[in-house]
Amino acid sequence: MNQEFFGGIKADSGVRKIRVNDAGEYIELSLTDVTLFERFTGLLDWFEIKQAELNQFGADFEARHANDGDNTKAVVEVIHKRTELFTECCKKMDEVFGEGCCRKVFGNIIPDELPIMDFFEQMTPIMQRMAAERGEKLKTKYSRNRKGKGKQRSKDELIADYKARNAAGELTDGGAEV
């Protein structure tokens, strides 16, 4: 069925692509997603808290097992705790930056804190630039200069302009511009 449309619009989605590996894969983030910056800062705060908890767990571990001769089970416990944390972190990164972010960035591994922190350090200035761009777009869109430079002409001014242009021969065809 051929459908006629009265009109159409195209909203700016604000999507920005960030290349994340040498294979050319990228993540997409939208400037217009009102939750993006909150989710990003929330992820950073969450990771900082979890890192502190992991460090405390490690310190407690050392205190508990300082005199153990064979502490293989204890070491496995620490490894398991770290794996849980970094697996959860990858899930949260995928929630913030899009499904598959961790695979694209780190490959098919569960990264430890070093590459994760490196990712956050590289993303922070990108997110700051995106926030600045968003601010500029809002400032431009809603500035007084955008619509008629903040001054609307009165009816008398419009009539006087029309008469002057008509007298100068700028208007033809009964007053309609050509």
How long is the straight-line distance from CG of L44 back to CZ of F47, given to the nearest 0.5 Å?
9.5 Å
Which residue pairs pass the ring-ring contact (aromatic ring centres under 6.0 Å, His included) test when at least one of the two sits in residues 7-41, sequence neighbours left out?
F40-F97
Sequence neighbours excluded, the answer for salt bridge (charged side-chain N to carboxylate O under 4.0 Å, His left out) partners of E48 is none
Contacts of type salt bridge (charged side-chain N to carboxylate O under 4.0 Å, His left out), residue D12, not counting sequence neighbours
K137
Once side-chain hydrogen bond (donor to acceptor under 3.5 Å, both in side chains) is applied, do any residues pair with R19, and if so which ones, sequence neighbours excluded?
none
Inspect the contact between E88 and K50 and indicate whether a charged nitrogen and a carboxylate oxygen are less than 4.0 angstrom apart.
no
Restricting to non-hydrogen atoms, name the atom on T87 and the atom on T83 that form the minimum distance, rounded to 0.1 Å.
OG1-O, 2.7 Å
Pairwise distance CG(D112) to CZ(F106) - rounded to 0.5 angstrom
9.5 Å
About how many Å separate CG of D161 and CG of D156, when rounded to the nearest 0.5 Å?
12.5 Å
Tell me every residue that passes side-chain hydrogen bond (donor to acceptor under 3.5 Å, both in side chains) with S30, counting only those two or more places apart in sequence or in another chain.
T32
Is there side-chain contact between F86 and I109, with heavy atoms separated by less than 4.5 Å?
no
Establish whether V75 and V78 are linked, either directly or via other cluster members, by ILVMFWY side-chain heavy-atom contacts under 4.5 Å.
yes
Determine which pairs satisfy salt bridge (Lys or Arg N to Asp or Glu O under 4.0 Å) with at least one residue from residues 89-107, sequence neighbours left out, and list them in order.
E25-R103
With sequence neighbours left out, write down each residue that passes side-chain hydrogen bond (donor to acceptor under 3.5 Å, both in side chains) with E38, or none if nothing qualifies.
none
Residue pairs, two or more places apart or on separate chains, that pass ring-ring contact (aromatic ring centres under 6.0 Å, His included) and touch residues 2-21
none
Going by the rule salt bridge (charged side-chain N to carboxylate O under 4.0 Å, His left out), which residues pair with E77 if we only count those two or more places apart in sequence or in a different chain?
R64
How long is the straight-line distance from CG of L138 back to CD of E133, given to the nearest 0.5 Å?
11.0 Å
Those residues that, when tested against E28, pass side-chain hydrogen bond (donor to acceptor under 3.5 Å, both in side chains) (two or more places apart):
none
For the atom pair CD1 (I110) and SG (C89), what is the distance rounded to the nearest 0.5 Å?
10.0 Å
Beyond-backbone contact of W46 with I49, side-chain heavy atoms, under 4.5 angstrom
no
In Å, rounded to the nearest 0.5 Å, how long is the span from CZ of R134 to CG of L36?
11.0 Å
What I'd like to find out is whether the side chain of D33 reaches to under 4.5 Å of the side chain of R39, using heavy atoms alone.
yes
Shared hydrophobic cluster, V34 / V96 (ILVMFWY, side-chain heavy atoms < 4.5 Å)
no
Test side-chain contact (heavy atoms from CB on, under 4.5 Å) applied to Q51 and L54, step by step:
CA-CA 5 Å; Q51 275 293 107; L54 187 61; 4.1 Å; yes
State which residues pass side chain to side chain contact (heavy atoms under 4.5 Å, CB included) with N55; sequence neighbours excluded, sorted by chain then number.
none
For residues 116-128, tabulate all N or O donor-acceptor pairs below 3.5 Å that involve a side-chain atom, not counting sequence neighbours.
| from | atom 1 | to | atom 2 | distance (Å) |
| --- | --- | --- | --- | --- |
| D118 | OD1 | Q122 | NE2 | 3.4 |
| D118 | OD2 | Q122 | NE2 | 2.9 |
| T124 | OG1 | F120 | O | 2.7 |

